[in-house]
Amino acid sequence: MKIRKVKAITLAEYIGVARSTMSLFLNGKLNLGQEKIEKIFVFLGIKLVITD
């Protein structure tokens, strides 16, 4: 987020969660689930590759 100059509130709005929820996630106190994490990666332009 820092590299791409994205604020937490902008990311929260994009994935459809409250600002407080995003804060808990960023502080490691909450798991958003795979779907929302994938949305974060898309927003930040990060390619996710899962291998066996």
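Treat the numbers as computed from the prediction; the structure is a model and nothing was measured.
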Report all side-chain donor-acceptor pairs from residues 36-52 shorter than 3.5 Å, counting only partners two or more places apart or in another chain.
| unit_1 | atom_1 | unit_2 | atom_2 | d |
| --- | --- | --- | --- | --- |
| Glu38 | OE2 | Gln34 | NE2 | 2.7 |

Heavy-atom closest pair, residues Lys7 and Met1: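 Closest heavy-atom pair between Lys7 and Met1: C-CE, 3.9 Å.
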
Report all side-chain donor-acceptor pairs from residues 9-23 shorter than 3.5 Å, counting only partners two or more places apart or in another chain.
| unit_1 | atom_1 | unit_2 | atom_2 | d |
| --- | --- | --- | --- | --- |
| Ser23 | OG | Asn27 | ND2 | 3.4 |

Distance, nearest 0.5 Å, that separates CG of Leu30 from CZ of Phe25: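 Interatomic distance, Leu30 CG to Phe25 CZ, rounded to 0.5 Å: 8.0 Å.
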
